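None of the values given here were measured: they were computed from a predicted structure. Quick note on labels: first sequence line is chain A, next is B, and so on, each numbered from 1.
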There are 2 protein chains.
Amino acid sequence: MELTRKGEYAIRGIIYLAQQPPGRVSLISEIAAAAEVPQTFLAKIFQSFAKLGLATSSRGTGGGFVLARPASAITLREVVEAVEGPILPNRCLLGSACDRGGPCRVHAVWKQVQTEVVHILDGVTIDTLARNTES
Amino acid sequence: MELTRKGEYAIRGIIYLAQQPPGRVSLISEIAAAAEVPQTFLAKIFQSFAKLGLATSSRGTGGGFVLARPASAITLREVVEAVEGPILPNRCLLGSACDRGGPCRVHAVWKQVQTEVVHILDGVTIDTLARNTES
DNA sequence: TATAAAAGGGATCAAATTGGTCCTAAAGGT
DNA sequence: ACCTTTAGGACCAATTTGATCCCTTTTATA
């Protein structure tokens, strides 16, 4: 029930991107330095972003990353799920038969938790986080 | 962001206890068989329950476990936290300085997630789960 | 008062996950 | 050609998870 480093780094990294002037290309080395995150690790994270269409990547000289959409159209949920996988408080929310025969007794509760968490994270955009200067 | 086996076993085990006639002592072997959980592992889990005052244990012949309180006075949150530790979507909710200087930008969001999840789990008692015959 | 029946608690262990590095390949600019 | 930059795969150490084993302590009872 805890965000991993990967998730934290992902958020820090994409917030940095969102704070750049629109269209400005950022190097992974630059983002890593700014977000204080191991560069090679962050590179993997941004690969996921690129694959999922959160960021656009370009190679070679002058290459780097740009947000694929306005920061106001990227939700915290998308970013978290991009690297951590779907919000899933319990395995039983995947398949149908979680208990030994029939849905488990707590199924409905986990479903509710999932729905609520997804709702909260969907309600926060990267734009909001990027503007949010200090607490 | 996922319940572990330990948490699942804990819930299954305590639900079984709650389904017994009031005052009836259950052996760990009996609970393990009924809940289809590895016995030695479940023993550890019930040790936690005993320490935290969710169940009462007695040793020797005729010993075993009984709920320390009516099942209607034990919440799902207590059971989960007993074995998984506090509901904590992000490490930053522990200390004060999560970001490099000052609270991190997402701090408030994680706080909200934590509050909401705790609220949901606090609203479900073991009694409710134990009565809940099938979905 | 042995003895058997339970839980308590520590040590240990394999497998999976996490957190991260390294190297080579591919793509793009000069 | 050559340099720069991301893509992708292999790899690795540390931690966590999911257990098991063994010995100790407590307690009832034959």
**Request:** Can you run down the salt bridge (charged side-chain N to carboxylate O under 4.0 Å, His left out) pairs that involve residues 119-128 of chain B, sequence neighbours left out, and say none if there aren't any?
**Result:** B:R77-B:D122, B:D127-B:R131
**Request:** Can you tell me the distance, in whole Å, between the CD1 atom of B:I45 and the P atom of D:dT20?
**Result:** 12 Å
**Prompt:** Within the side chain of A:T115, is there an N or O that forms a donor-acceptor pair under 3.5 Å with the backbone of A:K111?
**Reply:** yes
**Prompt:** Remaining members of A:L52's ILVMFWY cluster at a side-chain heavy-atom cut-off under 4.5 Å?
**Reply:** none
**Message:** Rounding to an integer number of Å, can you tell me how far A:R12 CZ sits from C:dG19 C1'?
**Reply:** 14 Å
**Fill in**
Between the CD atom in B:E81 and the CG atom in B:L54, the distance rounded to the nearest 0.5 Å is 10.5 Å
**Request:** Whole angstrom is fine here: how far is it from CD1 in A:I28 over to P in D:dA7?
**Result:** 8 Å
**Prompt:** Given atom CZ of B:F41 and atom C1' of D:dC21, what is their separation to the nearest angstrom?
**Reply:** 15 Å
**Prompt:** Does any pair with a residue in residues 56-77 of chain B pass ring pair (Phe, Tyr, Trp, His ring centres under 6.0 Å), and if so which ones, sequence neighbours excluded?
**Reply:** B:F46-B:F65
**Message:** Rounding to an integer number of Å, can you tell me how far A:L42 CG sits from C:dG19 C1'?
**Reply:** 13 Å
Review item, nucleotides 22-27 of chain D N/O atoms under 3.5 Å of protein N/O:
unit_1	atom_1	unit_2	atom_2	d
D:dT25	O2	B:R59	NH1	2.7

**Item:** Value rounded to 0.5 Å, distance of CD1 in B:I74 from CD1 in B:I14
**Value:** 4.5 Å
**Prompt:** Could you run down nucleotides 9-18 of chain C 5' to 3' and tag each one B, S or - for protein heavy-atom contact under 4.0 Å?
**Reply:** BB--------
**Prompt:** Rounded to the nearest Å, what distance is computed from the CD atom of residue A:E2 to the C1' atom of nucleotide D:dT17?
**Reply:** 14 Å
**Request:** Sequence neighbours left out, what passes side chain to side chain donor-acceptor pair (under 3.5 Å) with A:E30? Give chain and number order.
**Result:** A:Y16, A:R24
**Message:** Starting from B:L27 and following side-chain heavy-atom contacts under 4.5 Å between hydrophobic residues (I, L, V, M, F, W, Y), which residues can be reached?
**Reply:** none
**Request:** Please state how far atom CD in B:E30 lies from atom P in C:dA5, giving the value in whole angstrom units.
**Result:** 16 Å
**Prompt:** Are any side-chain N or O atoms of A:R12 and backbone N or O atoms of A:E36, one a donor and one an acceptor, separated by less than 3.5 Å?
**Reply:** yes
**Message:** Distance check, rounded to the nearest 0.5 Å: B:L121 atom CG versus A:W110 atom CH2?
**Reply:** 5.0 Å
**Asked** For DNA chain D, which residues in residues 63-71 of chain A have a heavy atom at a distance below 4.0 Å?
**Response** A:G64, A:F65
**Message:** Please list all pairs meeting side chain to side chain donor-acceptor pair (under 3.5 Å) that have one or both residues in residues 37-59 of chain A, counting only residues at least two apart or in different chains.
**Reply:** none
**Item:** Test salt bridge (charged side-chain N to carboxylate O under 4.0 Å, His left out) applied to A:R69 - qualifying residues, sequence neighbours left out
**Value:** A:E78
**Nonpolar side-chain network containing B:V25, other nodes, edges under 4.5 Å** = B:V66
**Message:** Using only atom types and a distance under 3.5 Å, with no angle test, would you say the side chain of B:E84 pairs donor to acceptor with the backbone of B:L3?
**Reply:** no
**Message:** Just to be sure I understand the rule, does A:Y9 reach a base, reach only the sugar-phosphate, or reach nothing, if contact means heavy atoms closer than 4.0 Å?
**Reply:** sugar-phosphate
**Complete:** Expected list for residues 16-25 of chain B near DNA chain D, using heavy atoms below 4.0 Å, is none
**Message:** Is there a side-chain contact between A:S57 and the phosphate of D:dA7, meaning an N or O under 4.0 Å from OP1 or OP2?
**Reply:** yes
